Amino acid sequence: MDFKEIEKKWQKNWEKDKIASFNPKNMDKKYYCLEMFSYPSAAKLHLGHWYNYGPTDSFARYKKMKGYEVFQPMGFDAFGLPAENYAIKTGVHPKDSTEKNIANMEQTLKEMGAMFDWDAEIKTCEEDYYKWTQWVFLQLYKKGLAYRKEAPVNWCPSCKTVLANEQVVNGACERCGSTVVKKDLTQWFFKITDYAEELLQGLSTLDWPEKTKLMQKNWIGKSTGGEIEFTAESGDKFKVFTTRADTLFGVSYVVLAPEHPLVKKLTSDKQRKAVEDYIFETSKTNEIDRLSSTREKTGVYIGHNAINPINGKSVPIYAADYVLYSYGTGAVMGVPSHDERDYAFALKHDIPITRVIKGVNCNDDLPFCDDGIVINSPGFDGLTSEEARKAIINELVKKGKGEHKTNYRLRDWLVSRQRYWGAPIPVVYCDKCGIVPVPEEDLPVKLPYDVEFKPDGESPLAKHKGFMETTCPICGGPAHRDPDTLDTFVCSSWYYLRYPDSKNAKQPFDPEIINSILPVDKYVGGPEHACMHLLYARFITKALRDMGYLNFDEPFKSLVHQGIILGPDGNRMSKSKGNIISPDPYVEKYGSDVLRLYLMFGFSYTEGGPWSDDGIKAIIKFLDRIERLSQKVVETTQMDNDNINKDEKDLLYATNYAIKNVDRDMDNFSFNTAIARLMELINALYKYDGLDIPKNNKLFRECFAKFIQLLAPCAPHFSEEIWEQLGNKQSIFKSEYPICDENALVLDEIEVAVQINSKMRSKIFIPSDANEETIKELLKKDEKISQEISGKEIKKLIIVPKRLVNIII
RNA sequence: GCCGAAGUGGUGAAACUGGCAGACGCGCUGGACUCAAAAUCCAGUGGACUAAUCCUCCGUGCGGGUUCAAGUCCCGCCUUCGGCACCA
């Protein structure tokens, strides 16, 4: 078969037939199947894209044949850093390079033969999309969910530019090698923390991998405890958050994050130099290093003390970088006796250690971090840790020095990016009116084309007068725009809402359409998005719901992560390892169906694994076998024999067994076993064909046709061609998926295993409807079994229907 | 360091709620066809013992346990991959 020709032929026919288009009138049977859209990189589709899109398209086609009205769109997450870096390096404008890359990828995606509804295509960098990204921003702003505050960025003092985390290598700028420092900028945030509890609770309603749900749960990081107010000798008050209020009497110091404003205020003259040096050193460390547990616990006494509200004891205040200003209150109480980190810190800084918890029936050497019985805590001694946590906070509540509090690790989402290639932030700054949102009718705030990319301390938009200078929508006076653009995660946090109504020029989407086609029924993409993208999308959905635009709570009902295809050497593919496998030569040589089938058969979909050329060979052989048999089927015309004897029954069994299992496996993304079942069926068809008896050719032909239908989602071009050769005039994807005839699966006799004292001893055939008595009779008839059990008492007979019999003697 | 996942033949991998471990492939071995090779077809293929494809025993990272029965459940280790949070 000339696969190149048939691929072209069927891709054209599908386009003509509108196989991929969605009929909104058929919403009752809608199925929204979504693959994560891709970033348009200069390279063509890589194997990762193929592995994501190929098998998932087969899933979508399977759903279509099952009678669903499938909506499967595709688009591009087109804003982003790489295009801008490329522009700095080569001078090619991000818009030009991105458009070129998109055109390239569109073509390869089409060659793959996936059933994408191209009419619904989205490119996030186009005005008619980012206009609505800006709209989303304005809605959040109106609802008080977008706000500005100071936050640090990575700053290269030599390039005078803001760096992304990935551009910082070992604390140095990737371009010039200078040490990167933190610099505070006023930036926009989305208040995702308002939804922390709902984002956590909602997880239980989702059909997602447990692992992913757990990761989100840990990311949200709920912990319950209390906030306790300490008073510095100066009279200044600050709060610490703790989950271990039961250890409050054991506090022997407190720590403020170096960035905490009180550090500068309270530091004594004697300690000033040491503290300032320490703050400067901290500004050079990135958060991951700072949080590394292997790192030495550094910190410095600020020369000032604070009063423990429970016992009036004065304890020293330290500044230490293991406390983060962004989490909790940015201040921590130090209890060396019952916290490992505090213990290490206390030993190093010669701080006293007081035990306040006694272990019960266990080794309670210090630091003892488990719960126990409270001691050395006047008024609370003898309570369990759990009781004491409540009692001590209650006592503080009475004194007005504390409260019960739930804390979340989740932080608000910083959406400002000091870059050009992104959606402009739709806000102007007026000297008179302050922060003024751009009126919706003035959207989009267009991203200008003519900008200078060379990094020189100012971002490209900041330098562009025509963009920056504007007038205030309220007073009409002079105003300026925000030079920053939105994080690309903002663009991808709502794209699934745009697809079904992608041409709408009046609204981001028509709520009526969206509410009937959403939520997404199956979302497929890489596990690396478990925390960021998937959480942001859930947040935006909930926020838009609360504004009345949506009537559902969760965007993605069911989620699947594909695994990772490794290089043939078992390592992750990378340029430096030289183990990159490109899909192109395989498509060129064997066709896209072969590549897709190999990806489906050779791996467990969610696991992935190393690439192997041998697997490709297996698929070629499989398709050859099908094609040879199809020739025979097509050429056979004699149809007068309609006997159903043993061999025909076997063939019917094999066919229906395959239907049942392929159907189930496709639905579960268990593609490798689905194809294994198809291989079994083709073997059974060959076996029947090879029999030296008068054949029931009509039946044979029907079974073969069903086989092709089962195969069709996985090898779409190939199957269409054979389907046509079998005399069908309509696309196989408009045919009805085969239905399993359960009657054909009922066998007269079933082979069951026989165990004696749980050891495998024999196998016997029993009638499928046999009761215990019949089975006993049959066991006696079996020579081997009767020998072994003769003269011995049968203590117990365990019968597992249709599987095995275990005789205990 | 913490969290998560996974360890099954020479190899990619199967095994539904505990019920015949290794489905389906690749590779290998032998045979048929061929002058020969490729392709194709047929048979075999976890290990040990063996003349044997009869028996028997051993086998799902390691050590225990529960059970009539454990790859699957429980406890304790080892290793390898992912993720990352000193989260107070």
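Values below: all heavy atoms of this structure, side chains included; hydrogens, waters and symmetry mates excluded. Residue numbers start from 1 in every chain, and the chains themselves are labelled A, B, ... in the order their sequence lines are given, proteins ahead of strands. A quick note: this is a predicted structure, and the numbers were derived from the prediction, not measured.
Checking the phosphate oxygens (OP1, OP2) of B:C41, a side-chain nitrogen or oxygen of A:Arg625 falls inside 4.0 Å. For A:Lys617, a side-chain nitrogen or oxygen approaches OP1 or OP2 of B:G27 to under 4.0 Å.
Partners of A:Lys695 by salt bridge (charged side-chain N to carboxylate O under 4.0 Å, His left out), not counting sequence neighbours: none found. Applying the side-chain hydrogen bond (donor to acceptor under 3.5 Å, both in side chains) test to A:Tyr590 and every residue at least two apart in sequence or in another chain returns nothing. Here A:Glu386 pairs with nothing under the salt bridge (charged side-chain N to carboxylate O under 4.0 Å, His left out) rule; sequence neighbours left out. A search for side-chain hydrogen bond (donor to acceptor under 3.5 Å, both in side chains) contacts involving A:Ser762 returns nothing, not counting sequence neighbours. Partners of A:Glu197 under the salt bridge (charged side-chain N to carboxylate O under 4.0 Å, His left out) rule, at least two apart in sequence or in another chain, are A:Lys222. Taking A:Arg244 as the reference, A:Asp246 meet the side-chain hydrogen bond (donor to acceptor under 3.5 Å, both in side chains) condition, with sequence neighbours excluded. Looking at residues two or more places apart in sequence or on another chain, you find a salt bridge (charged side-chain N to carboxylate O under 4.0 Å, His left out) between A:Arg538 and A:Glu554.
Taking for each of A:Arg761 and A:Ile808 the nucleotide of RNA chain B with the nearest heavy atom, the 5'-most of the two is the partner of A:Arg761.
Within the structure, every pair that satisfies the side-chain hydrogen bond (donor to acceptor under 3.5 Å, both in side chains) test and touches residues 616-629 of chain A, not counting sequence neighbours, is listed here: A:Arg625-A:Asn683. Applying the side-chain hydrogen bond (donor to acceptor under 3.5 Å, both in side chains) rule to pairs touching residues 525-536 of chain A yields A:Tyr523-A:His533, sequence neighbours excluded.
For A:Lys621, the listed nucleotide lying nearest its side chain is B:U40; candidates were B:U56, B:C87, B:U40. The listed nucleotides are B:A23, B:A13, B:C58; the one nearest the side chain of A:Ser604 is B:A13. When distances run from any side-chain atom of A:Ala753 to the nucleotides B:C87, B:A13, B:C20, the shortest one goes to B:C20. Of the listed nucleotides (B:G83, B:C68, B:C41), B:C68 has the atom at the smallest distance from the side chain of A:Ser758.
Residue-level contact check: A:Phe601 touches the bases, meaning some heavy atom is under 4.0 Å from a base atom. Here A:Gly328 lies out of heavy-atom contact (under 4.0 Å) with every strand. Using a 4.0 Å heavy-atom distance criterion, A:Gly608 is classed as a sugar-phosphate-only contact. The residue A:Thr242 sits close only to the backbone: its heavy atoms come under 4.0 Å of sugar-phosphate atoms, none of a base. Note on A:Asn218: only backbone sugar-phosphate atoms sit closer than 4.0 angstrom, heavy atoms only; bases stay farther off. As judged by a 4.0 angstrom heavy-atom cut-off over every strand, A:Gln755 is placed among the base-contacting residues. Across all strands shown, A:Lys759 has heavy atoms under 4.0 Å from sugar-phosphate atoms exclusively, and none from any base. Counting non-hydrogen atoms under 4.0 angstrom, A:Leu804 reaches a base of the nucleic acid. Residue contacts for A:Ser223: at a heavy-atom cut-off of 4.0 Å it reaches the sugar-phosphate backbone alone, with no base atom in range. As judged by a 4.0 angstrom heavy-atom cut-off over every strand, A:Asn683 is placed among residues touching the sugar-phosphate backbone only.
Here, B:G61 and B:C55 have their P atoms 28 Å apart, quoted to the whole Å. The same atom, P, is picked in B:A14 and in B:G22; the two are 15 Å apart, to the nearest Å.
Checked against A:Trp611 for a ring pair (Phe, Tyr, Trp, His ring centres under 6.0 Å), the options A:Trp50, A:Tyr586, A:Phe603 give a single hit: A:Tyr586.
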List every contact pair, protein side and nucleotides 5-9 of chain B side both N or O, where the distance is under 3.5 Å.
none

- Query: Pairing of RNA chain B as dot-bracket, 5' to 3': ( ) intra-strand, [ ] crossing, | other strand, . unpaired, with Watson-Crick or G-U pairs under 3.5 Å?
  - Reply: (((((((..(((......[....)))((((((.......))))))(((.......)))..(((((..]....))))))))))))....
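For RNA chain B, the residues of residues 661-679 of chain A within the heavy-atom distance limit of 4.0 Å (strictly under) are A:Asn672, A:Thr673, A:Ala676, A:Arg677, A:Met679, sorted by number.
Residue A:Asp614 places no side-chain atom within donor-acceptor reach of the base of B:C26, judged by atom type and a 3.5 Å distance cut-off alone.
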- Task: Start with the C-alpha gap between A:Phe718 and A:Leu597, add the side-chain angles, then the distance that decides, and say whether side chain to side chain contact (heavy atoms under 4.5 Å, CB included) holds.
- Result: CA-CA 11 Å; A:Phe718 178 87; A:Leu597 269 176; over 6 Å; no
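Between A:Leu248 atom CG and B:A88 atom C1' the separation is 13 Å, expressed in whole Å.
Taking the six-membered ring wherever Trp is involved, the centroid distance between the rings of A:Tyr686 and A:Tyr688 does not fall below 6.0 Å.
By the 30° and 60° cut-offs, the orientation of the rings of A:Phe669 relative to A:Phe59 is tilted.
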